Protein chains: 2
Amino acid sequence: MSPREKTRPTGQESLRDSVLGGDLIFLLARANALTLAAANAVLAQHGLKARSYSVLALAADDARPTQRELAEFLRLDPSQVVALVDGLEKRQLIERQTDPTDRRANVLVATDAGRDLFARAQESARAVELGLLATVTPEDHERLAELLRLLAFPD
Amino acid sequence: MSPREKTRPTGQESLRDSVLGGDLIFLLARANALTLAAANAVLAQHGLKARSYSVLALAADDARPTQRELAEFLRLDPSQVVALVDGLEKRQLIERQTDPTDRRANVLVATDAGRDLFARAQESARAVELGLLATVTPEDHERLAELLRLLAFPD
DNA sequence: CACAAATAATTGACATTTTCAACGGTTCAT
DNA sequence: ATGAACCGTTGAAAATGTCAATTATTTGTG
């Protein structure tokens with residue numbers, strides 16, 4: 001009974017119109033993949049990837065996050081943060097300071113070199129973001145960010 | 001000169017307000033991570049993950065995609081598609097049909113069992129999506145999908 | 001105060017995923 | 001007909017993700 005007898009192949013006729021084209025989870029995954037690739041490409045010029053860029057950003061922001069807070073925020077296992085921080089610290093871009101209020105914890109702080117690098121990297125990142133959304137009004141750009149924040153931080 | 005002398009730790013004071021909170025690339029990554037986790041959790045009930053669900057979806061859609069088209073669409077390496085298809089084919093949910101117009105290519109078609117499973121899985125997936133965006137108007141839901149499509153398919 | 005339980009960072013083991021190069025079979029353009 | 005390009009497949013190497021165990025420190029409770 002099911003109308004499965006397609007006689008001609010659809011060929012490369014866009015899969016976009018399939019069920020997945022309306023699937024938010026899929027769209028999010030694909031948008032993320034492309035965006036991440038674009039970001040990594042430009043960040044490579046600064047010796048960074050999206051991950052290390054994010055760590056550097058938070059350290060440079062004077063938010064003084066502990067590694068654990070960072071792990072939670074970036075959705076990483078604490079052990080992954082160790083490696084990330086090791087890398088940035090070896091390059092003297094950030095440093096670990098043991099939290100005076102809790103000597104178990106390390107607070108991350110950017111060095112001056114780290115801040116400089118971040119400032120430059122941030123420009124690249126911003127340029128990528130604007131490039132990706134070049135066809136969109138600033139209002140829609142902001143609306144997208146707002147809606148993504150809802151998904152990213154479901155309180 | 002830089003105002004780096006924070007005397008008190010900011011503690012767990014939300015990192016959300018840091019630079020990254022406005023970074024689309026980061027928001028996309030985090031939203032994707034959470035969404036993917038939620039999707040995988042419910043899809044597990046059907047023995048699927050987001051990846052295999054997507055493959056099944058396209059096969060069940062009578063789009064008759066080749067493995068290569070699938071790889072491009074899902075942003076996967078062709079070799080990953082092999083494993084994915086192997087798994088679904090072993091479970092008799094889809095089958096490979098050599099494309100009559102190009103005998104190098106395999107076209108993927110869902111079996112009846114595959115269509116059944118997909119129908120059920122799709123409901124779960126849809127429920128997750130609605131749950132994640134429960135706090136949002138249907139108009140905003142659609143707007144989000146529209147904007148993500150722009151990022152996911154930059155023509 | 002003392003002691004048990006909980007927590008932060010780290011390490012190392014293991015699984016999963018990604019990325020690449022190579023190969024056989026097939027098609028395509030000359 | 002022949003060489004170049006292409007599809008699926010395999011297998012290896014690198015990167016990521018997941019988890020349990022360890023040490024040092026803190027916190028809660030009697």
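Protein chains get the first letters and strands the later ones, always in sequence-line order, with residue 1 at the start of each. Note that the structure is a prediction, hence the values are computed from the model and not measured. Quick note: numbers below take in every heavy atom, side chains included, and nothing from hydrogens, waters or symmetry partners.
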Which whole-number value in Å describes the distance from [X] [atom1] to [N] [atom2]?
X        : N      : atom1 : atom2 : answer
A:Asn40  : D:dT16 : CG    : C1'   : 13 Å
A:Asp99  : D:dT25 : CG    : C1'   : 12 Å
A:Glu72  : C:dT7  : CD    : P     : 14 Å
B:Asp86  : D:dG8  : CG    : P     : 13 Å
A:Gln97  : C:dA8  : CD    : C1'   : 17 Å
B:Asn32  : D:dG17 : CG    : P     : 12 Å
B:Arg68  : D:dC6  : CZ    : C1'   : 7 Å
B:Leu108 : D:dC7  : CG    : P     : 14 Å

Taking only Lys NZ, Arg NE, NH1 and NH2, and the carboxylate oxygens of Asp or Glu, determine whether A:Arg115 and A:Asp62 approach each other closer than 4.0 Å.
yes
Is any NZ, NE, NH1 or NH2 atom of the basic residue among B:Arg149 and B:Glu146 found under 4.0 Å from an Asp or Glu carboxylate oxygen of the other?
yes
Classify every nucleotide of nucleotides 16-26 of chain C by which part a protein heavy atom approaches to under 4.0 Å, writing B for the base, S for the sugar-phosphate alone and - for neither, in 5'-to-3' order.
-SSBB----BB
Would you check, one step at a time, whether the test side-chain contact (heavy atoms from CB on, under 4.5 Å) holds for B:Leu76 with B:Leu84?
CA-CA 10 Å; B:Leu76 295 176; B:Leu84 238 17; 3.7 Å; yes
Do the ring planes of B:Phe73 and B:Phe153 sit parallel (below 30°), tilted (30 to 60°) or perpendicular (above 60°)?
parallel
Checking B:Gln122 now: which residues fulfil side chain to side chain donor-acceptor pair (under 3.5 Å) with it, not counting sequence neighbours?
none
Side-chain atoms of A:Ala105 come closest, of C:dA8, C:dT10, D:dC7, to C:dA8
For the backbone of B:Ala63 and the side chain of B:Asp61, can you confirm whether one donor and one acceptor N or O come within less than 3.5 Å of each other?
no
